[in-house]
Amino acid sequence: MEYSFLNDLPKVVWMLIGIASFLAVIGLMLVVIDIPRTRRDRWQAVLFLAPALILLVGGVVYPVLRTTMLSFYDRSGTEFVGLTNYLWMFRRPEILLVLRNTLLWVVFAPVLATAVGLLYAVLIDRSRFESIAKSLVFMPMAISLVGASIIWRFVFAYRPADQEQYGLFNQIVVWLGGEPRLWLLDQPLNTFLLILVLIWVQAGFAMVVMSAAIKAIPSEIVEAARIDGAGPWQLFSRITLPSVWPTLLVVVVTITVQTLKVFDIVRTMTGGNYGTSVIANEMYSQAFQQGQVGQGSALAVFLFVLVVPLVILQIRRTRKARELA
């Protein structure tokens with residue numbers, strides 16, 4: 001079949017419209033923020049911004065526009081189907097399970113990772129071996145999520161009861177007189193076990209950031225509270241927590257964005273099977289394994305819509321913090 005440019009003309013037009021709109025917005029922002037006074041300044045601004053704009057358009061803007069457009073087409077990307085792919089997301093039980101799993105990740109992973117990091121930062125603050133303790137907890141951050149997932153697959157590994165166990169969980173169960181089990185096959189326990197891997201990795205990040213925030217608390221305030229008779233819990237609830245609250249929110253939002261995009265852990269440990277799939281994994285599965293380009297694109301757009309408000313919130317909080325500083 002001969003290729004016809006006219007068939008792809010509407011797609012090209014939409015792509016050009018999107019690029020032009022993006023460049024117009026960037027140009028307007030530049031005008032509002034700072035108008036170069038001389039011709040030389042204008043050329044310098046163009047030269048400095050051009051590489052970043054080209055990479056941004058080619059690596060972010062075009063893929064977003066292209067994916068959004070494909071989400072309104074069928075599996076082959078040729079027939080327009082409107083909102084069918086989006087309605088499909090909320091009608092299929094298996095996709096509703098994916099959305100539920102993603103919600104569980106978002107609810108538990110950021111909160112628990114931040115809580116563990118904060119608790120650890122408080123406990124080791126100004127202790128004798130603080131640097132060593134921090135290094136041990138931060139070490140998982142140096143491992144990729146794929147590497148961390150492989151490590152935890154060995155932790156959850158299963159062998160029949162008549163064989164020697166090499167998985168840590170099952171070995172502990174055997175020592176306690178129980179029977180080994182297939183941890184990653186039991187729903188919804190397997191989803192929480194996968195969440196545990198992300199908590200293990202992200203707790204180090206939360207600990208480092210929260211430790212820096214705790215050290216920024218003026219020592220005079222802490223000493224005054226101690227003189228007034230405040231105990232450890234009162235120091236934490238009335239001095240430490242209110243002082244680090246803005247940093248705490250930043251950490252939670254940052255880990256939440258990472259959680260929404262989680263793919264490596266699910267893909268490496270279960271492949272999305274046994275009821276553990278999340279949006280990012282299902283997007284990949286639909287688009288590249290099952291050939292459902294439209295449905296995969298719809299999932300990608302839905303994930304993008306979930307992430308963008310958090311990114312905007314993070315930018316606003318950062319900007320506000322800079323203004324206050």
Side-chain angles (χ1 to χ4, degrees), residues 67 70-71 75 85-110 112-113 140 143-161 163 165-174 178-202 255-304 306-307:
T67 303
L70 286 174
S71 69
R75 62 178 299 164
N85 293 325
Y86 292 95
L87 296 176
W88 161 84
M89 291 169 48
F90 298 99
R91 289 176 177 173
R92 296 293 295 269
E94 60 270 25
I95 305 303
L96 290 176
L97 178 61
V98 169
L99 299 179
R100 187 210 69 177
N101 289 341
T102 304
L103 179 62
L104 290 176
W105 278 81
V106 172
V107 169
F108 288 100
L112 292 178
I143 307 173
S144 68
L145 289 178
V146 173
S149 302
I150 293 173
I151 292 172
W152 280 88
R153 279 193 67 177
F154 283 107
V155 173
F156 300 136
Y158 165 83
R159 277 182 176 177
Q163 299 182 21
Q165 302 296 320
Y166 66 91
L168 178 61
F169 271 34
N170 278 322
Q171 185 60 67
I172 294 174
V173 170
V174 170
E179 291 289 328
R181 58 188 295 185
L182 293 164
W183 297 96
L184 297 179
L185 267 63
D186 294 340
Q187 299 184 43
L189 175 63
N190 47 12
T191 295
F192 288 101
L193 294 178
L194 298 188
I195 293 173
L196 179 63
V197 179
L198 186 64
I199 294 172
W200 181 66
V201 173
Q202 292 294 329
I255 299 179
T256 301
V257 173
Q258 175 68 30
T259 302
L260 280 171
K261 300 184 298 179
V262 70
F263 170 81
D264 317 60
I265 296 174
V266 176
R267 199 73 199 168
T268 303
M269 297 189 70
T270 63
N273 299 314
Y274 319 120
T276 59
S277 188
V278 291
I279 293 179
N281 179 76
E282 192 65 27
M283 169 190 70
Y284 172 85
S285 178
Q286 292 289 335
F288 298 105
Q289 290 188 314
Q290 301 181 33
Q292 297 286 352
V293 177
Q295 294 175 359
S297 299
L299 287 167
V301 173
F302 184 67
L303 180 61
F304 180 76
L306 293 178
V307 171

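Below, all heavy atoms of this structure are taken into account, side chains as well, without hydrogens, waters or symmetry copies. Being a predicted model, the structure only gives us computed values, none of them experimental.
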Query raised in the report: Under the side chain to side chain donor-acceptor pair (under 3.5 Å) test, which residues partner Glu94, sequence neighbours left out?
Result: Arg92
Query raised in the report: With no hydrogens and no angle check, is any side-chain donor or acceptor of Gln165 less than 3.5 Å from a backbone partner on Arg159?
Result: yes
Query raised in the report: Given side chains that start at C-beta, do those of Lys261 and Val278 come closer than 4.5 Å, heavy atoms only?
Result: no
Query - Rounded distance [0.5 Å steps], OG1 in Thr259 versus CG in Leu198 - result: 4.5 Å
Query raised in the report: Do Val201 and Ile143 have side-chain heavy atoms sitting under 4.5 Å apart?
Result: no
What side-chain donor-acceptor pairs closer than 3.5 Å can you find for residues 149-156, not counting sequence neighbours?
unit_1: Ser149; atom_1: OG; unit_2: Leu145; atom_2: O; d: 2.6
unit_1: Arg153; atom_1: NH1; unit_2: Thr268; atom_2: O; d: 3.2

Requested in this report: Only counting residues at least two apart or in another chain, list the ones meeting side-chain contact (heavy atoms from CB on, under 4.5 Å) with Ala298.
Outcome: Ser71, Asn85, Tyr86, Met89
Requested in this report: Side-chain contact test, heavy atoms from C-beta onward, threshold under 4.5 Å: evaluate it for Gln295 versus Trp88 and give yes or no.
Outcome: yes
**Report entry** For Arg75, side chain to side chain donor-acceptor pair (under 3.5 Å) partners two or more places apart
**Finding:** none
Query raised in the report: Are Asn170 and Arg181 side-chain neighbours, meaning at least one heavy-atom pair lies under 4.5 Å?
Result: yes
Report task. Check Gly296 against Met283 and note the closest heavy-atom contact, atom names and distance. Result -> O-CG, 3.4 Å
Query raised in the report: Got a sec, which residues hit ring-ring contact (aromatic ring centres under 6.0 Å, His included) with Phe304, two or more places apart in sequence or on another chain?
Result: none
Query raised in the report: Are the side chains of Ile265 and Val262 in touch, meaning some heavy atoms are under 4.5 Å apart?
Result: yes
Query raised in the report: Residues in side chain to side chain donor-acceptor pair (under 3.5 Å) with Asn273, at least two apart?
Result: none
Report task. Kindly give the heavy-atom pair with the smallest separation between Ala300 and Thr67, and that separation in Å. Result -> CB-CG2, 3.8 Å
Query raised in the report: Quick one: side-chain contact (heavy atoms from CB on, under 4.5 Å) partners of Thr270, sequence neighbours excluded?
Result: Leu184, Leu194, Val266, Tyr274, Thr276
Query raised in the report: How would you list, by chain and number, every residue that makes a side chain to side chain donor-acceptor pair (under 3.5 Å) with Trp200, sequence neighbours excluded?
Result: none
**Report entry** Shortest non-hydrogen contact from Ala113 toward Ile255
**Finding:** CB-CD1, 4.0 Å
Requested in this report: Please list, chain by chain and in numerical order, all residues satisfying ring-ring contact (aromatic ring centres under 6.0 Å, His included) with Trp183, sequence neighbours excluded.
Outcome: Phe169
Query raised in the report: Where do Gln286 and Leu299 come nearest, in terms of heavy atoms and distance?
Result: CG-CD1, 4.0 Å
**Report entry** Qualifying ring pair (Phe, Tyr, Trp, His ring centres under 6.0 Å) pairs with a residue from residues 277-296, counting only residues at least two apart or across chains
**Finding:** Phe263-Tyr284, Tyr284-Phe288
Indicate every side-chain donor-acceptor pair of residues 96-107 with a distance under 3.5 Å to a residue at least two apart or in another chain.
unit_1: Asn101; atom_1: ND2; unit_2: Leu97; atom_2: O; d: 3.4
unit_1: Asn101; atom_1: ND2; unit_2: Gly275; atom_2: O; d: 2.9
unit_1: Asn101; atom_1: ND2; unit_2: Ser277; atom_2: O; d: 3.0
unit_1: Thr102; atom_1: OG1; unit_2: Val98; atom_2: O; d: 2.9
unit_1: Thr102; atom_1: OG1; unit_2: Ile279; atom_2: N; d: 3.2

Query raised in the report: side-chain contact (heavy atoms from CB on, under 4.5 Å) with Pro160: which residues, sequence neighbours excluded?
Result: Tyr158, Asp162, Gln163
